[in-house]
There are 2 protein chains.
Amino acid sequence: MAVRAKSTRVTLRDIADRVGVTPSAVSQALAGNTRIGEDTRRVVRDAAKELGYVPSSAARALRNQHAGTIALIVPTTATHVFGHSYFMLVLEGASSVANQHDVQLLISTNPDNDHGLAAYERVMRSHSADGAILTSAAIDDPTVERLIDSGLPVVMIGNFPHLPTAITVGIDDRAASRSITEHLITTHGRTRLLHISGTLDHQTGVDRRDGFLDALRAHGLDEEGAIVEGDLSESSGTTAISALGRRIGDYDGIVAANDDMAHGAITELKSQGLNVPTHLSVVGFDDFGLARVTTPSITTVHVPAQRLASIASERLFEIMAGNDTGWHRHTIDVHLVLRQSCGCGPL
Amino acid sequence: MAVRAKSTRVTLRDIADRVGVTPSAVSQALAGNTRIGEDTRRVVRDAAKELGYVPSSAARALRNQHAGTIALIVPTTATHVFGHSYFMLVLEGASSVANQHDVQLLISTNPDNDHGLAAYERVMRSHSADGAILTSAAIDDPTVERLIDSGLPVVMIGNFPHLPTAITVGIDDRAASRSITEHLITTHGRTRLLHISGTLDHQTGVDRRDGFLDALRAHGLDEEGAIVEGDLSESSGTTAISALGRRIGDYDGIVAANDDMAHGAITELKSQGLNVPTHLSVVGFDDFGLARVTTPSITTVHVPAQRLASIASERLFEIMAGNDTGWHRHTIDVHLVLRQSCGCGPL
DNA sequence: ACGATCTGCTTCAACGATAAAGCACATTGC
DNA sequence: GCAATGTGCTTTATCGTTGAAGCAGATCGT
């Protein structure tokens, strides 16, 4: 039983030989071409089913000049971004849309240091994907621009104001950040606020910081010492607080650029004997899972990552189908999720 | 500016024309064939670099009869399994190994209802992947057997005792489950234990349940009413407890088959005014992230999913390279992570 | 009744890369 | 001095699929 089945790879020729026509006729029959007789068509289809014929994706790709594949590109090391459940949601969104279109999903992650090209440049040049969803790109990543200019259909998740031709789906980070900051100010009367920002080489980090500052200015609050730069990791949230030493007493509210840092901050505050939300209100951003399960649960902005990905994917398929008339920038609404860490939810 | 760059796809012919040799010579030059003169080789390589040549993956795949791709197959709906961060870790492990081997990673998820074949059967028959990592397969999934018999190199993550020829990497769920149960018994003196099991159509669910029962029997404890079947979701952990009503008083320890259910159970216990770990000790399984961040943090078995995936991937590459002499079943060690929910960690 | 259209296939070329075989010409061995 | 070997390419065939073009024989229109 062992090796038998292995080599027998069914091609058009096998069907052709069995039915007694040419491979080309089989191809046309399977494609439903009406120039092939009704009878032949049926016989061919039966034979194909019986032999378990599946077209060779390589031959098809070569002949038709498209791969039947889209790529999900994450231009950082796997450990960095995969570590955030964000990616899982994106994958889920892209995957389901790809499946609906009967297209394979390729995951492209690490830089391909072997050839000095980014992995996704290879994907693009080798035509192993017909289009790409790009996410988590840094502002200054020069390869992104080349990717877009290459003519490969690309839809990006996030905001890229410096790339005017890019097709993007994102949320209004700045408005959302302002909104959650104002919640702390107007609902909870917090006036001495600290922002733990994300990495500022990503647009998201900049926008969330700016939204925070917008809120401060709108309410005439002090911007002095209001910002500490983090890196989106839980430990950077912890460090942000511990580095403050006793100056933490100057603050009564913390706006973190994501939930991981909010959680890190809360942990550190707790260990210093400070209660959240009694002594300080803390809020996060993202709501990818963590914010719901911690104690206190974290008030945050819900970012619908899966929906971002599925919308991006749908748009990508439109573009690949030649429909270039749709939107180029799409912003989907987000909402606050009020939980315990600001003082809203039941304790 | 629009359409210009698009069509210019660089092939061997372009390099050949520029250098003044045939495409075949270029191919050989790039492959480092010594029958091509030193000078020509250098000129060709320079031209290739300058033009930005990247081989067509489709043409290569067709000619060489292999795709340059491995598939990560998850034979369930995306929402079910992707929902667990397990998949993220597996992806990370597989992805990094694939990258090291300069091979693309294909994600195959949903059944392809269009043709009545599982998506991965198409992957296999269409030869769009040279090998596959298969995870989260149900015990009775008949397509798994066909996949293995097809001759496509496959390495599975998990244990599949009913598939004697399968190459698998897993952990000893039964021993680990027994071990964490015994921790509750011997260290914390818990004697009235409840197991919230996983789905029993997966080997993991069965093994973890059996390990729990092993511990009970070894210590002469009562098996009556000791098992409730859950489905690995947080809510099934909650339901398992709430459905018990006041009979929860009969128990002093809960062994959940994963952390999500443990967390659900703890939440429900809390809301009933029961303290964990004072009134009851609770433990989970997996340690994929959740267990560390809850309050109380959850004592659990750390399952190194990423390592499982990378070991599986390495073995897959060995097999694809023709080395069939390695192990067929590999079990990697796991360890308990003692935290607060059993009564061990600092509160 | 005889060119025009239809029907049902076959033939052919191509997608891009590659390995085997071939073919000149130069060099070497004895 | 002439076969044997080496060098540096070119020619050719192939992977599996597909669409255009070709080609018989039947059917139709007037």
Side-chain angles (χ1 to χ4, degrees), chain A residues 7-45 47-48 51-69 122-130, chain B residues 6-45 47-48 51-69 102 122-130:
Chain A
S7 55
T8 331
R9 169 282 176 19
V10 182
T11 71
L12 285 181
R13 155 130 274 123
D14 299 319
I15 303 176
D17 289 349
R18 169 185 268 236
V19 175
V21 292
T22 62
S24 184
V26 175
S27 171
Q28 291 168 61
L30 257 20
N33 191 327
T34 52
R35 292 292 298 276
I36 299 295
E38 181 66 44
D39 294 352
T40 312
R41 238 148 63 203
R42 213 186 37 254
V43 176
V44 164
R45 265 200 271 265
L51 293 174
Y53 171 73
V54 174
S56 149
S57 52
R60 267 215 172 140
L62 180 58
R63 168 68 217 215
N64 297 339
Q65 297 290 294
H66 70 266
T69 293
R122 302 204 80 204
V123 166
M124 158 204 133
R125 310 278 270 275
S126 71
H127 281 205
S128 40
D130 305 321
Chain B
K6 191 167 182 172
S7 55
T8 331
R9 169 262 185 37
V10 182
T11 70
L12 284 181
R13 154 130 274 124
D14 298 319
I15 302 176
D17 289 351
R18 170 184 269 236
V19 175
V21 291
T22 62
S24 183
V26 175
S27 172
Q28 292 168 61
L30 256 21
N33 191 327
T34 51
R35 292 291 300 274
I36 300 294
E38 183 64 45
D39 293 353
T40 312
R41 241 152 58 205
R42 211 186 39 254
V43 176
V44 165
R45 266 200 270 265
L51 293 174
Y53 170 74
V54 174
S56 150
S57 51
R60 268 214 170 141
L62 180 58
R63 169 68 219 218
N64 297 341
Q65 297 289 298
H66 70 266
T69 294
D102 211 1
R122 302 203 81 204
V123 166
M124 159 202 133
R125 310 278 269 276
S126 71
H127 281 202
S128 38
D130 304 321

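- Of the candidates C/dA19, D/dT18, C/dC15, D/dT18 carries the atom nearest the A/Ser24 side chain, counting heavy atoms from C-beta on.
- Heavy-atom nearest nucleotides on DNA chain C were determined for B/Ala58 and for B/Gln28, and the one closer to the 5' end corresponds to B/Ala58.
- Nearest to the side chain of A/Ser56, among D/dA20, D/dG16, C/dA17, sits D/dG16.
- Among the heavy atoms of the strands lying under 4.0 Å from A/Thr22 is at least one base atom, whether or not backbone atoms are also near.
- Straight-line distance from the CZ atom of B/Arg35 to the P atom of D/dT5: 14 Å, rounded to whole Å.
- Residue contacts for B/Arg60: at a heavy-atom cut-off of 4.0 Å it reaches the sugar-phosphate backbone alone, with no base atom in range.
- Distances from the side chain of A/Ala59 to the nucleotides C/dG16, C/dC9, D/dG16 place D/dG16 closest.
- Close to C/dG16, at under 4.0 Å from its OP1 or OP2, lies no side-chain N or O of B/Ser27.
- In this entry the distance linking OH of A/Tyr53 with C1' of D/dG16 reads 7 Å, nearest Å.
- Expressed to the nearest 0.5 Å, how far CD of B/Gln28 lies from OG1 of B/Thr22 amounts to 7.5 Å.
- Put simply, CD1 on B/Ile36 is 13 Å from P on C/dT18, counting in whole angstrom units.
- In this structure, CD1 in A/Ile36 is found 7.5 Å from OG in A/Ser24, a value given to the nearest 0.5 Å.
- Between the CD atom of A/Glu38 and the P atom of C/dC9 there is a distance of 11 Å, rounded to whole Å.
- Looking at A/Asn33, its side chain does come within 3.5 Å of a backbone N or O of A/Arg35 through a donor-acceptor pair.
- Set against C/dT18, D/dG16, C/dG22, the side chain of B/Leu12 has C/dT18 as its closest nucleotide.
- Note: CZ (A/Arg41) to C1' (C/dG8) measures 11 Å, nearest angstrom.
- Atom P of nucleotide D/dT10 and atom CG of B/Asp17 are separated by 11 Å, given to the nearest angstrom.
- For the pair A/Tyr53/A/Val26, no side-chain contact is recorded, criterion being any heavy-atom separation below 4.5 Å from C-beta on.
- Side-chain N/O atoms of B/Arg63 and base N/O atoms of D/dT14 include a donor-acceptor pair closer than 3.5 Å.
- No salt bridge links B/Arg18 with B/Asp14; every basic N to acidic carboxylate O contact stays at or beyond 4.0 Å.
- Nucleotide D/dG16 holds its P atom 15 Å from the NE2 atom of B/His66, rounded to whole Å.
- Side-chain proximity of B/Asn64 to C/dT18, D/dC9, C/dG16: nearest is C/dT18.
- Within the nucleic acid shown, A/Asn33 has no heavy atom closer than 4.0 Å to any nucleic acid atom.
- The CZ atom of B/Arg13 sits 9 Å away from the P atom of C/dC15 (whole-angstrom rounding).
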